Trainee: 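Sharing a structure here in structure tokens format.
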Amino acid sequence: MENLDIARTLTTLADLLEIQGASPFRIRAYRNAVATIDSLTRTLQSMVQANEDLTALPGVGKSVAKHITELLETGRINRLEEVSAQIPITLVELVRLDGVGPKKARKLFDELNVKTVDDLEAELNAGTVQQLDGFGLKSADKIRLSIEDHRKHTGRFQIHEAEKLIAGVLEHVRTTPGVEETVVAGSLRRRKETIGDVDILARFEGDGTEVVARFVSYNGVARVLGAGETKGSILLHSGLQVDLRVIPGRSFGAALQYFTGSKEHNVAVRTRAVRQGLRVNEWGVFRVPDDVDPRDLGKEDGERLAGETEEGVYEALGMVWPPPVLRENRGEVEAAASNELPELVSLDQIRGDLQMHSTWSDGAVSLEEMTLACRELGYEYIAVTDHSQAMAMVQGLTPERAREQWEEIEEVRERVEGIELFRSVEIDILKDGSLDMPDDILEELDVVVISVHSFMDMDRSAMTDRVLKAMSHPTVDILAHPTGRRINRREPFEMDVEVVLEAAADLGVAVELNANPNRLDLKDTHVHRAKELGVPVVISTDAHAPRGLADMRFGVDQARRGWLRPADVLNTRSLADFRAWLNRRG
Ligand code: DGT
Ligand code: CA
Ligand code: CA
Ligand code: ZN
């Protein structure tokens with residue numbers, strides 16, 4: 001069982017207890033433990049096996065440690081079963097809807113016997129929810145929208161979740177006798193922001209039955225969906241499906257090419273091949289004799305031109321190898337054929353991080369600790385961007401506190417050598433498009449980062465105008481998480497992204513690609529458009545603790561999916577060149 005499965009089970013228990021009205025301290029105990037588990041680099045399974053004391057982990061007390069051990073040893077938590085005997089476990093789905101908290105879920109259950117999202121939708125349609133105390137028309141509308149979002153998203157996993165869930169499976173397959181190589185294909189290899197299912201390939205000669213049998217025996221399996229000679233399919237406890245194909249070496253490259261996809265990319269590649277009198281399939285590239293109808297051919301008939309390596313497959317088709325992140329049929333097939341693929345940005349080229357938070361607002365550690373953690377990563381410069389005062393619930397900076405923070409910045413600059421710490425604030429774009437900081441402060445900041453955190457349900461033209469007005473303030477450097485989306489949780493707000501990007505180009509404002517895997521905002525196709533318009537892109541983590549700084553790689557993946565070269569990404573510049581950009585307006 002993976003850490004993520006354990007974290008999800010504890011979250012379910014916490015949600016149920018909260019619906020039940022349990023003590024906030026108990027609930028917080030579970031949630032703190034979940035936060036710790038999320039950041040662990042080792043598996044709880046291995047810790048329990050080694051008889052380690054789980055209570056040594058921050059936020060993990062005796063009773064939570066007992067639950068974890070019980071779950072790992074028996075596959076269940078007794079306490080969870082007791083609680084779910086009293087209130088239906090399906091209510092946790094309701095709590096996760098925007099607009100329904102634990103109290104409302106409880107009320108819906110008590111008064112209307114709503115147990116599932118489907119029940120809730122039926123009651124909304126019947127008009128009964130609107131009549132409950134504390135609901136009303138407006139909140140009913142909001143719930144209706146979040147049900148729609150929920151429906152759209154169920155089934156796809158976020159990339160970081162899929163990565164964590166798959167680690168144990170991969171290890172299990174990799175250590176199977178006779179397996180020479182194990183690789184991930186499909187959308188996860190293309191680094192898509194969400195993953196439907198995970199496709200893995202194992203290189204193995206001969207009958208694959210035993211490889212598949214071992215694959216489906218993995219201890220995280222909730223259900224075996226299929227097991228044959230060359231392929232198997234499993235469902236993990238988390239609901240993630242994993243497909244395995246067992247492939248011999250002579251076809252491994254062709255299979256990798258085929259199962260990496262995307263389907264659209266493959267169709268375009270195959271169409272090109274047919275024009276050249278060639279046939280590509282998951283077993284190789286073959287020359288089709290002129291007088292033969294390809295439909296009469298067996299899977300490996302014809303003269304074999306390639307199949308062992310992926311590079312070989314593309315080469316046989318007259319193409320250079322396109323990085324998997326580009327394989328979406330967005331021009332990469334033609335570019336690979338004319339050797340005009342872009343040289344993509346990579347993680348090691350990133351020289352700074354320009355959005356993160358400290359204890360001055362909602363971050364977990366001090367300005368100095370964040371700075372030290374960034375120096376550890378080898379960065380040359382950073383901006384700690386605490387929130388402005390409109391974000392009152394996280395103690396956003398008033399102008400006075402911003403000035404106080406500058407004093408601390410001075411001290412940190414003196415103590416920490418080898419990295420430049422810029423003066424910065426993540427300034428709220430207020431409802432009318434003005435900035436949540438007076439001009440005298442804005443003028444003295446090194447990096448002005450602006451973003452929307454409120455009134456996200458404005459109509460499209462009002463939101464577009466609001467952001468345009470904010471960007472036109474002459475001190476603005478970076479528009480952060482421009483569309484406000486939360487993957488699988490909140491749709492982007494209504495806004496004309498094209499108009500905003502055009503304005504950014506005119507005004508010399510950069511746009512952020514927020515690397516947090518919950519955001520990835522701007523998304524890949526939008527950063528591609530930014531590049532076309534010549535708008536510089538900044539990849540920032542928005543870290544709220546040092547471990548969040550490691551999210552940079554998720555942002556870089558999306559930048560690569562958007563065809564960005566190092567020159568398109570502002571924070572690949574050297575400190576001197578980045579400073580020159582900051583002074584671009586003279
Ligand atoms: P996902 O799982 O929805 O996140 O997306 P993928 O791209 O991983 O899709 P999946 O798992 O259905 O299939 C894996 C790869 O297999 C896909 O990217 C390309 C290849 N493939 C699957 N079905 C077809 C097909 O009907 N035609 C072609 N040409 N390729 C296919
Ligand atoms: Ca897949
Ligand atoms: Ca699949
Ligand atoms: Zn923000």
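All residue numbers in this chain count up from 1 along the given sequence. The structure displayed is predicted, hence computed values, not measured ones. Atoms within a ligand are numbered from 1 in the order they appear, just like the ligands themselves.
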Trainee: Do NZ/NE/NH1/NH2 and the carboxylate oxygens of R401 and E408 come within less than 4.0 Å?
Mentor: no
Trainee: Check this for me, if you would: do D524 and R330 make a salt bridge, where the nitrogen-to-carboxylate-oxygen distance has to be below 4.0 angstrom?
Mentor: yes
Trainee: Any non-hydrogen atom of K192 lying under 4.0 Å from ligand 1?
Mentor: no
Trainee: Under 3.5 Å, side chain of R466 to main-chain N/O of I429, donor-acceptor pair present?
Mentor: yes
Trainee: Is the shortest side-chain N to carboxylate O distance from E328 to R561 below 4.0 Å?
Mentor: yes
Trainee: Report the part of N266 (side chain from C-beta onward, or backbone N, CA, C, O) that has a heavy atom under 4.0 Å from ligand 1; answer both or neither where that applies.
Mentor: side chain
Trainee: Nearest non-hydrogen contact with atom 21 (N) of ligand 1 belongs to which option: Y258, F259, F157?
Mentor: Y258
Trainee: Taking only heavy atoms of R190 into account, list the atoms of ligand 1 that are under 4.0 Å away from them.
Mentor: 7 (O), 18 (O)
Trainee: Using a 4.0 Å cutoff against the non-hydrogen atoms of R156, which atoms of ligand 1 qualify?
Mentor: 1 (P), 3 (O), 4 (O)
Trainee: Less than 6.0 angstrom from the centroid, inside 45 degrees of the normal: does R351 satisfy that with respect to the ring of Y381?
Mentor: no
Trainee: If I take atom CG from residue L341 and atom CD from residue E334, how far apart are they, to the nearest 0.5 angstrom?
Mentor: 10.5 Å
Trainee: If the cut-off is 4.0 Å to any non-hydrogen atom of G186, which atoms of ligand 1 fall inside it?
Mentor: 8 (O)
Trainee: E426: which N/O/S atom is nearest the Zn ion (ligand 4)?
Mentor: OE2
Trainee: Run the numbers for me: atoms of ligand 1, each under 4.0 Å from some heavy atom of G196, listed by number.
Mentor: 1 (P), 2 (O), 3 (O), 4 (O)
Trainee: Could you tell me, atom by atom, which parts of ligand 1 come under 4.0 Å of a heavy atom of R270?
Mentor: 28 (C), 29 (N)
Trainee: With a 3.5 Å distance limit and no angle check, can you tell me whether T464 reaches the backbone of D496 through a side-chain donor-acceptor pair?
Mentor: yes
Trainee: OG1 of T385 to CZ of F422: how many Å apart, nearest 0.5 Å?
Mentor: 13.0 Å
Trainee: If I take every N, O or S atom of D243, is at least one of them less than 3.0 Å from the Ca ion (ligand 2)?
Mentor: no
Trainee: Closest to the Ca ion (ligand 2), which N/O/S atom of D199 is it?
Mentor: OD2
Trainee: Could you see which bit of T260 sits under 4.0 Å from ligand 1, with heavy atoms only: side chain, backbone, both or neither?
Mentor: backbone
Trainee: Nearest non-hydrogen contact with atom 18 (O) of ligand 1 belongs to which option: A162, S187, G261, A268?
Mentor: G261
Trainee: Would you mind checking if E310 and R189 are paired as a salt bridge, meaning a charged N to carboxylate O distance below 4.0 Å?
Mentor: yes
Trainee: Which ligand 1 atoms, with their elements, are less than 4.0 angstrom from a heavy-atom of D197?
Mentor: 2 (O), 11 (O)
Trainee: Check D98 with R489, please: is the shortest side-chain N to carboxylate O separation under 4.0 Å?
Mentor: no
Trainee: Please work out the angle at the Zn ion (ligand 4) defined by atom NE2 of H481 on one side and atom NE2 of H453 on the other, rounded to 10°.
Mentor: 90°
Trainee: Using a 4.0 Å cut-off to any heavy atom of S262, which atoms of ligand 1 qualify?
Mentor: 18 (O)
Trainee: Students often mix this up, so state it plainly: with edges at 30° and 60°, are the rings of Y218 and H172 parallel, tilted or perpendicular?
Mentor: tilted
Trainee: From D542, does some N, O or S atom reach closer than 2.8 Å to the Zn ion (ligand 4)?
Mentor: no
Trainee: What atoms of ligand 1 come closer than 4.0 angstrom to any heavy atom of I195?
Mentor: 4 (O)
